[in-house]
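All remarks here apply to the structure that follows.
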Amino acid sequence: LSEGRLHLTVTGTMLVWGSVNGGSTYTMWRSANGGNTFSPVSGIPTNRYFFGFTSGPNGDVFLYGEGILRSVDDGLTWTSIVGASTFVTAAVANTTNLYAVQLGVVYKGGLDGTGFAAISTGGVQVTNGLAMARGMNDRILAAGGGDRIISTTDNGVTWQAVNTGITTT
């Protein structure tokens, strides 16, 4: 397996995505028994590249990279909710929204992808968009760039740099 991505869902299901023997065709496998056995998952575009997985607190699972796929049944079936033309390097979900980042662009939409679009972060920046995380009380954090880490506590309406104690970019 090359370029593999591994994810543990909120229920303990294991998901693996990657290419076998370094090929350009990608596959996903799922294990619901702690990794003892894996089964291939159908419905995943084999020609699209993905950077990783994230799970929302309600159990939805997202696979992001060339677009975003969503599973509401613990990885059994998948639906494309953001087209492949929107490339994202990191994504995270809270109880109401899906957020993603690509270079300096932060995106927000509903958990089902509705309204997914670039949003303003009010001048704070993540110029190379390396990672996203969900904090306590649905706080969303994005990392990478001149402001290092930015955060929103009001569902993306306002953003602020939260760099206390981080001394380098």
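Counting from 1, the numbers follow the sequence of the chain as shown. When reading the values below, keep in mind they use all heavy atoms of this one structure, side chains included, and skip hydrogens, waters and symmetry mates. Note that the structure is predicted; figures quoted are calculated from it, not measured.
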Are L15 and W29 close enough, and set up right, to give a side-chain contact (heavy atoms from CB on, under 4.5 Å), and what steps lead you there? CA-CA 6 Å; L15 300 171; W29 296 269; over 6 Å; no

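- T152 places a side-chain N or O within 3.5 Å of a backbone atom of T158 that can act as its donor or acceptor partner.
- Two residues are said to be in side-chain contact when any heavy atoms from C-beta on lie closer than 4.5 Å; Y64 and L69 fail this criterion.
- N94 is listed as a side-chain neighbour of I140, based on a closest heavy-atom distance under 4.5 Å.
- Atom NZ of K108 and atom OG1 of T121 lie 13.0 Å apart (nearest 0.5 Å).
- For residues 112-155, every residue pair satisfying the ring-ring contact (aromatic ring centres under 6.0 Å, His included) rule, not counting sequence neighbours, is listed here: Y107-F116.
- For the pair L111/F62, a side-chain contact is recorded, criterion being any heavy-atom separation below 4.5 Å from C-beta on.
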What verdict does the side-chain contact (heavy atoms from CB on, under 4.5 Å) test give for F50 and R5, after you've listed the backbone C-alpha separation in whole Å, the side-chain angles of each residue and the deciding distance to 0.1 Å? CA-CA 8 Å; F50 295 99; R5 309 294 184 252; 5.6 Å; no

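- Side chain to side chain, T96 and N155 meet the donor-acceptor criterion of an N or O pair below 3.5 Å.
- Taken from CD in E66 to CG in N47, the straight-line distance is 7.5 Å, to the nearest 0.5 Å.
- The two residues H7 and S55 come nearest to each other via the heavy atoms NE2-OG, 2.7 Å.
- Looking only at side-chain heavy atoms (C-beta outward), W159 and Q125 stay at 4.5 Å or farther from each other.
- When all heavy atoms are compared, the tightest approach of D74 to R30 is O-NE, 2.8 Å.
- No side-chain heavy atom of I68 sits less than 4.5 Å from a side-chain heavy atom of L63.
- Side chains of L76 and V41 form no contact here, defined as non-hydrogen atoms less than 4.5 Å apart.
- Ion pairing between a basic and an acidic side chain is recognised when a charged N comes within 4.0 Å of a carboxylate O; D112 and R70 show no such pairing.
- A distance-only check finds a donor-acceptor pair linking the side chain of Q160 to the backbone of S151 [under 3.5 Å].
- Atom CG of N137 has 12 or fewer neighbouring heavy atoms from other residues, nucleotides or ligands inside a 6.0 Å radius.
- Closest approach of S80 to R48, counting heavy atoms only: OG-NH1, 3.7 Å.
- Using a 4.5 Å cut-off between side-chain heavy atoms of Ile, Leu, Val, Met, Phe, Trp and Tyr, with links allowed through other members, I44 and F38 fall into different hydrophobic clusters.
- For the residue pair A100 and V88, the shortest heavy atom distance occurs at CB-CG1, 3.6 Å.
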Stepwise, does the side-chain contact (heavy atoms from CB on, under 4.5 Å) test hold for V106 with V126? CA-CA 8 Å; V106 177; V126 285; 4.0 Å; yes

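- Residues V16 and L8 are members of one and the same hydrophobic cluster, defined by side-chain heavy-atom contacts under 4.5 angstrom among Ile, Leu, Val, Met, Phe, Trp and Tyr.
- By the 4.5 Å heavy-atom criterion applied to side chains, T13 and V61 are not counted as neighbours.
- Residue A161 comes nearest to N163 through the heavy atom pair CB-ND2, 3.5 Å, listed as atom of the first residue, atom of the second, then distance.
- Judged by distance alone, with hydrogens and angles left aside, the side-chain atoms of T89 form a donor-acceptor pair with the main-chain N or O of G129 at under 3.5 Å.
- Here the side chain of D60 pairs no donor or acceptor atom with the backbone of V72 at under 3.5 angstrom.
- Linking ILVMFWY side-chain heavy atoms closer than 4.5 Å, directly or via other members, places V92 and I150 in a single hydrophobic cluster.
- Residues Y49 and Y26 form a side-chain contact, since some pair of their non-hydrogen atoms from C-beta on lies under 4.5 Å apart.
- Checked against the 6.0 Å centroid threshold, F51 and W17 do not count as a close aromatic pair.
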L98 and I81: CA distance, side-chain angles, deciding distance, side-chain contact (heavy atoms from CB on, under 4.5 Å) verdict: CA-CA 11 Å; L98 173 65; I81 61 169; 3.8 Å; yes

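- Across every non-hydrogen atom of G34 and M14, the tightest pair is C-SD, 3.6 Å.
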